[in-house]
Protein chains: 2
Amino acid sequence: MPEAITQSIQDYLKHIYELNENGGSASTNDLAARLNIAPASVTGMLQKLANAKPALVIYKKHQGVKLTKSGEKAALEVIRHHRLLETFLVNTLGYTWDEVHCEADKLEHVISEDFEARMAEALGHPTRDPHGEPIPTADLTMPADSSCPLASLRTDETATVRKVVDDDPALLRHLREIGVIPDAKITVKNYSAFDGNLTIKVEGQRSNIVLGSAITNHVYVEK
Amino acid sequence: MPEAITQSIQDYLKHIYELNENGGSASTNDLAARLNIAPASVTGMLQKLANAKPALVIYKKHQGVKLTKSGEKAALEVIRHHRLLETFLVNTLGYTWDEVHCEADKLEHVISEDFEARMAEALGHPTRDPHGEPIPTADLTMPADSSCPLASLRTDETATVRKVVDDDPALLRHLREIGVIPDAKITVKNYSAFDGNLTIKVEGQRSNIVLGSAITNHVYVEK
DNA sequence: AAAATTATTTAGGTTTGACTAAATTACATT
DNA sequence: AATGTAATTTAGTCAAACCTAAATAATTTT
């Protein structure tokens, strides 16, 4: 029988998925940092996941891990839960986009498939969460997302904000204040080669804004 | 520092509270049965809860347990979560009253105080859950409930259904079908001393209904 | 290529909350 | 009062998922 996918395992799989997205395989250390767990503990868990009845990851010593098909499905399930929950909390209980992350992180492991389906229905089957992240479909496919970091734009380029990839509530509140939220239209007024700062104009906002790369690397746009 | 109140502990406290309600102290065996845990395991946990920094229960060998003030507060917190969640699931996601129990049992341990407050607000601070059970107030007081078992009524008595104390989905669906739900007005048409059956008329329903004591002991009414 | 640094793994240990089997206590009956 | 039964507790295990410290492997620097 397939072994139980515990809450911890769900967390591992979710983070492995995200690390796999940008680049190749997830390293023990990266995972440990993200999960706030000692590297040694991660090694132990990865060995377990690799030896599970339907293997959830492919793991070779010192070379990091990648998800198997089974592992990816399980990861997408958790991510779908998380993103639907964030959307639900904002739409139904008046949360703001900077407040939803922690709550969704706990609920994602606990809700039933029925709950998931009812949320999706009630929300009209949304395709993006409040941060603009794509929501995996009910059959566990991750929608394509062709956005690129705002940091990669140059003077005079115009784009639409797609998503903000950061959970820091303070940053999210700040971005909301200056109007940098999904679907906002922006134009790059200036690029500074020295510090990577971008000066942008957000459609509908009065003044220009200067953003450092710490921010522009976490805001994704589509030209 | 006060010790962490884990999910298991929350479950113990909740069930001790419920066993304390009808009568005195909860026995090891009753608890074991309710929690689906071996009696020996319950003994171990009770010793732990009794020795916790702020003791959560008062426990004497072979004499069952009762909650301390701290334990009761913790129990009411969980019960408030549970009942608000049931109400929320019915009102917001279209669950029926027979479908909410399992989901609420998982969510109750996981939601934040913020989530609790937002639910209460969104629902207009309800005082009873979909089964008619009173919802502990935000300051953790259990509202008085003077209802008595339907089984205690006799011929010609009239009453209003207050609550149904049973989680069996099949029974709940049946009761809903015959109109025995909170606030329904009923009249006892006949009482059979032999089997304890009650024949009742539900206001607004066509025909009389005969209910055995397995049911009438779980339906509470107010005269 | 050797040495130094960093990343990863091994080994052994802890905590939580369950379990079973055996022992004990309490209760009920004769 | 003695015995049998039921309830409870003790004692010893187990699994999951974490930890620290020490060992090893990989990578980078000199």
Side-chain angles (χ1 to χ4, degrees), chain A residues 1-16 19-20 23-66 71 74 78 105-106 108-110, chain B residues 1-16 19-20 23-53 55-66 71 74-75 78 105-106 108-110:
Chain A
M1 72 231 78
E3 340 226 333
I5 296 188
T6 64
Q7 295 197 12
S8 304
I9 294 177
Q10 288 177 20
D11 272 333
Y12 276 89
L13 296 177
K14 180 174 75 163
H15 283 103
I16 293 168
L19 286 168
N20 281 178
S25 54
S27 80
T28 303
N29 256 13
D30 287 353
L31 264 174
R34 276 184 173 243
L35 294 165
N36 261 301
I37 278 173
S41 308
V42 173
T43 299
M45 179 61 96
L46 294 182
Q47 290 169 344
K48 179 178 159 183
L49 297 182
N51 294 330
K53 270 281 196 32
L56 296 167
V57 303
I58 293 163
Y59 171 64
K60 282 176 191 154
K61 280 187 186 184
H62 300 278
Q63 292 177 227
V65 270
K66 293 201 300 191
V78 180
D105 255 355
K106 293 181 298 177
E108 66 188 9
H109 306 296
V110 160
Chain B
M1 73 233 77
E3 340 228 332
I5 297 187
T6 64
Q7 295 197 11
S8 304
I9 294 179
Q10 289 177 21
D11 273 333
Y12 276 89
L13 297 177
K14 180 173 74 165
H15 283 103
I16 294 169
L19 287 169
N20 281 177
S25 56
S27 80
T28 303
N29 254 16
D30 288 353
L31 263 174
R34 276 184 173 244
L35 294 165
N36 261 302
I37 278 173
S41 308
V42 173
T43 299
M45 180 60 95
L46 294 182
Q47 290 169 343
K48 179 179 160 184
L49 297 182
N51 296 329
K53 269 282 197 33
L56 297 167
V57 303
I58 292 162
Y59 170 65
K60 282 176 190 154
K61 280 187 184 186
H62 299 279
Q63 293 179 225
V65 271
K66 293 200 302 190
V78 181
D105 255 355
K106 293 181 297 176
E108 67 187 9
H109 306 297
V110 160

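Protein chains get the first letters and strands the later ones, always in sequence-line order, with residue 1 at the start of each.
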Interface residues of residues 28-36 of chain A with DNA chain C (non-hydrogen, below 4.0 angstrom): A/T28, A/N29

For the pair made of [atom1] in [X] and [atom2] in [N], what is the distance, rounded to whole Å?
X	N	atom1	atom2	result
B/K60	C/dA26	NZ	C1'	17 Å
B/D11	C/dG17	CG	P	11 Å
A/I37	C/dT9	CD1	C1'	16 Å
B/Q63	C/dT25	CD	P	14 Å
B/L13	C/dG17	CG	P	12 Å

Start and end of chain A contact along DNA chain D [non-hydrogen atoms, under 4.0 Å]: D/dA16 to D/dA26

Watson-Crick or G-U stems of DNA chain C, 3 or more pairs, under 3.5 Å, by first number: C:1-30 with D:1-30

Is there a side-chain contact between [X] and [Y] in this structure, where contact means two heavy atoms from C-beta onward sitting under 4.5 Å apart?
X	Y	result
A/E3	A/L56	no
B/E108	B/D11	yes
B/L46	B/I16	yes
B/K14	B/D105	yes

Exam field: side chain B/K66 to backbone B/S25, donor-acceptor pair closer than 3.5 Å: no

What residues form a side chain to side chain contact (heavy atoms under 4.5 Å, CB included) with [X], not counting sequence neighbours?
X	value
B/A40	none
A/Q47	A/T43, A/Y59
B/N51	none

Closest heavy-atom pair and its distance - B/I37, B/Y12: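 What the structure gives for the nearest pair is CD1-OH, 3.7 Å.
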
Which atom of A/K106 lies closest to which atom of B/V110, heavy atoms considered: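 It is NZ-O, 3.1 Å.
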
Toward the 5' end of DNA chain C, by each residue's nearest nucleotide, B/K48 or B/A40: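 Final value for this comparison: B/K48.
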
Of the listed nucleotides C/dG17, C/dC19, C/dT10, the one nearest the side chain of B/T6: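 It is C/dG17.
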
Short side-chain N/O contact to C/dT8 OP1/OP2 from A/Y59, under 4.0 Å: no

Pairwise 5' ranking along DNA chain D for B/H62 and A/S8, keeping only the more 5' one: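 Comparing both residues, the 5'-ward one is B/H62.
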
Comparing A/A38 and A/K61 on DNA chain D - which has the more 5′ nearest nucleotide: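 Its nearest nucleotide being more 5', the pick is A/A38.
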
Result of checking A/I5, A/V57, A/V65 against A/L49 for side chain to side chain contact (heavy atoms under 4.5 Å, CB included): A/V57

